[in-house]
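First up is the structure itself, then whatever we jot down about it.
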Protein chains: 2
Amino acid sequence: MAATDKALAGLRQMIASGELGPGAKFPPEPELCDHLGVSRSSLREAARSLAALGVIESRHGSGTYVSALDPAEIISRFSLSVELIPLEGVLQLLEVRRVLEAHATAAAAARQDPELEEKLGDILDKLEATTDAGEIQALDAEFHGSICAAGGNPTVTALTGVIRGRGGHYRIFEPGADFEAIKQTSDRGHRAILAAIAHRDPAAAATAASAHIAQTELWLRALRPQPQVALEDD
Amino acid sequence: MAATDKALAGLRQMIASGELGPGAKFPPEPELCDHLGVSRSSLREAARSLAALGVIESRHGSGTYVSALDPAEIISRFSLSVELIPLEGVLQLLEVRRVLEAHATAAAAARQDPELEEKLGDILDKLEATTDAGEIQALDAEFHGSICAAGGNPTVTALTGVIRGRGGHYRIFEPGADFEAIKQTSDRGHRAILAAIAHRDPAAAATAASAHIAQTELWLRALRPQPQVALEDD
DNA sequence: GGCCAGAAGTGGTCTGAGGACTTACGCTGG
DNA sequence: CCAGCGTAAGTCCTCAGACCACTTCTGGCC
């Protein structure tokens, strides 16, 4: 087995065996090198792999630690790769989002939470009042994200959030020929979701959310726009 | 910005900008170091991060390439981290699997595919005839995996597969007090799913799949067994 | 008791060298 | 001319050593 793979397997085994639980601290790098029988370069490359996957965290000057191993945090790491997926793959991911978000929206509707409804109403008021593409995207994310969070499963919230972020790179809401029509359809979809939640109707909420996201898929398939290339600074 | 982060951002930007598409080859490491203004160590650590996320692939002696950027392949990389998630997080993930697999099973039922039904029947015949834990797990994965594949969305298949693999580390099917009862309930659940698919009844298929996985969640919550610690060799 | 400076511990980065593997070229023999 | 093969170039992989940057703890000072 190659050196880096050996180090990778060793580090993972230390966690999988229970020797190191969430938040635990690894021995210093020189000690790990000795224990695993690899050079420091190879150990560090293996550690970078696990850090990229959200399994461990290196803190400069302090040490290397096992992460919380929380699935929501681990899934969030996927945005680094998902943001690079081409349109064809994004459409497959949007189906995942549609199914999961319909489920989460239904769960949110089953709850009795006036504060949530008020918050969602405020978001939609702002959303319907703006035509700025960036603001639309941010408010849309806040609307759907709040609903998913109310659904009660942080992992679902994280997964749908990553996919939503990827879709947002496409310029559906840039001013253009169909801007008004698209914006109105989108706004109506949001109101339908909120109405279903306010009526405590999980089935209607799921249907409304599913239809809303399916509409986004249709726009993407039809427009096939080029994604924005700019990446945020890390 | 730290050196490794600078290299990471640079590599991602080369892909995001469209300069390098799926399958494209990167310049040699020394050239990239010069271009990005970092040392080879830092560049290699950044490359390892992206390789762990399934975005790039380094081939010894050949070069470094952009991956196919296929969402199913990228999601498969998650098994490295998902396999380390503790039970509490696995339950959140199982809800994701339940929702997605119900959806995929419904899609499979909507198709008319006698070959699939025959294949699934054969798998269940073997599954009902064995009591070996490893064989049960393999056949169960083949059964559900075949159905998801028939659902038509490879990304859904990959995601459910990763989660199923994680759940399989728990020893539900180890011989014990409730082994017989659990096995019978599981077998009946599989037959119900197959029957719904054979009857071309998507709604029934979704319900059967959802109930089957929900049952697994209940067992996991009740038993809270310790996961097997052994990891497969890479 | 609180604050601050120094020291120890630890990860981050760079440089240089040699090894291992893949690929492509050109030679040889048919 | 073509197939087979060996060599050479190209590229990534691993190691070793040194130094830097950041965090944390300790001890003394006010």
Side-chain angles (χ1 to χ4, degrees), chain A residues 1-15 19-69 73 77 80 233-234, chain B residues 1-15 19-68 77 80 233-234:
Chain A
M1 193 187 297
T4 303
D5 290 340
K6 187 163 63 173
L8 191 63
L11 292 175
R12 289 187 71 224
Q13 186 62 40
M14 290 173 76
I15 301 172
E19 179 183 344
L20 294 176
K25 183 177 180 178
F26 281 92
E29 290 181 350
E31 195 171 322
L32 277 174
C33 293
D34 201 50
H35 176 49
L36 298 171
V38 299
S39 72
R40 204 173 150 221
S41 318
S42 299
L43 171 70
R44 284 186 57 77
E45 289 190 16
R48 281 283 179 187
S49 290
L50 290 178
L53 291 168
V55 172
I56 71 177
E57 297 169 5
S58 288
R59 300 175 204 159
H60 192 180
S62 174
T64 303
Y65 304 80
V66 181
S67 78
L69 292 179
E73 289 180 20
R77 289 320 203 77
L80 285 175
D233 291 345
D234 298 354
Chain B
M1 192 187 298
T4 302
D5 291 340
K6 186 164 62 172
L8 191 63
L11 293 175
R12 290 187 72 224
Q13 186 61 41
M14 291 173 75
I15 301 173
E19 180 183 343
L20 294 176
K25 183 177 179 177
F26 280 93
E29 289 179 350
E31 196 171 322
L32 278 174
C33 293
D34 200 50
H35 176 50
L36 298 171
V38 299
S39 73
R40 238 187 104 211
S41 323
S42 299
L43 171 69
R44 284 187 55 78
E45 289 190 16
R48 281 282 179 188
S49 291
L50 290 178
L53 291 167
V55 171
I56 71 177
E57 297 170 6
S58 288
R59 300 176 202 157
H60 192 178
S62 173
T64 304
Y65 304 80
V66 181
S67 78
R77 290 318 206 77
L80 284 174
D233 291 344
D234 297 356

Nearest-nucleotide pick for B/His60, side chain only, options being C/dC14, C/dG11, C/dA20: C/dA20
Span of DNA chain D, from the first to the last nucleotide whose atoms fall under 4.0 Å of chain A heavy atoms: D/dT14 to D/dT24
Short side-chain N/O contact to C/dG11 OP1/OP2 from A/Thr64, under 4.0 Å: yes
Expected output: side-chain B/Ser67 to main-chain B/Gly54 donor-acceptor under 3.5 Å: yes
Side-chain donor/acceptor of B/Arg77 to backbone N/O of B/Leu53, under 3.5 Å: no
Helix axis bend for the helix from C/dG1-D/dC30 to C/dG30-D/dC1 - C1'-based end axes, five pairs, 10° rounding: 10°
Close side-chain approach of A/Ile15 and A/Ile56, heavy atoms under 4.5 Å: yes
Sugar-phosphate, base or nothing in reach of A/Arg44, heavy atoms under 4.0 Å: base
Sugar-phosphate, base or nothing in reach of A/Arg40, heavy atoms under 4.0 Å: base
Any A/Leu80 side-chain heavy atom under 4.5 Å of B/Leu50 side chain: no
Nearest-Å distance for atom pair CE/P, residues B/Met1 and C/dG12: 16 Å
From A/Thr64 atom OG1 to A/His60 atom NE2, the distance as rounded to the nearest 0.5 Å: 11.0 Å
Atom pair CE/NZ of A/Met1 and A/Lys6 - distance to nearest 0.5 Å: 8.5 Å
Pairwise distance CD(B/Glu31) to SG(B/Cys33) - rounded to 0.5 angstrom: 10.0 Å
Close side-chain approach of A/Pro27 to A/Met14, heavy-atom, < 4.5 Å: yes
5' priority, DNA chain D, between A/Gly61 and A/Ser39 [closest heavy atom]: A/Ser39
Interatomic distance, A/Leu32 CG vs C/dT10 P [rounded to whole Å]: 11 Å
Below 4.0 Å: OP1/OP2 of C/dG12 and any side-chain N or O of B/Ser42: no
Inter-residue atom distance A/Leu8.CG - A/Leu36.CG, 0.5 Å rounding: 10.5 Å
Sugar-phosphate only, base, or nothing, as touched by A/Ser41 at under 4.0 Å among non-hydrogen atoms: base
B/Arg48 side-chain N/O to A/Ala47 backbone N/O, donor-acceptor pair under 3.5 Å: no
Nearest-Å distance for atom pair CD/C1', residues B/Glu45 and C/dC14: 11 Å
Most 5' of B/Gly63 and A/Tyr65 on DNA chain D, judged by nearest nucleotide: B/Gly63
Atom pair distance, as rounded to whole Å: CD in A/Glu31 and C1' in C/dG11: 15 Å
Rounded distance (Å) that lies between atom P of C/dG11 and atom CD1 of A/Ile56: 10 Å
Separation of C/dG11 C1' from A/Lys25 NZ (nearest whole Å): 10 Å
Distance, rounded to the nearest Å, where A/Asp34 contributes CG and C/dT10 contributes P: 15 Å
Integer-rounded Å distance: C/dC14 P and B/Lys6 NZ: 7 Å
Phosphate OP1/OP2 of C/dT22: any B/Ser62 side-chain N/O under 4.0 Å: no
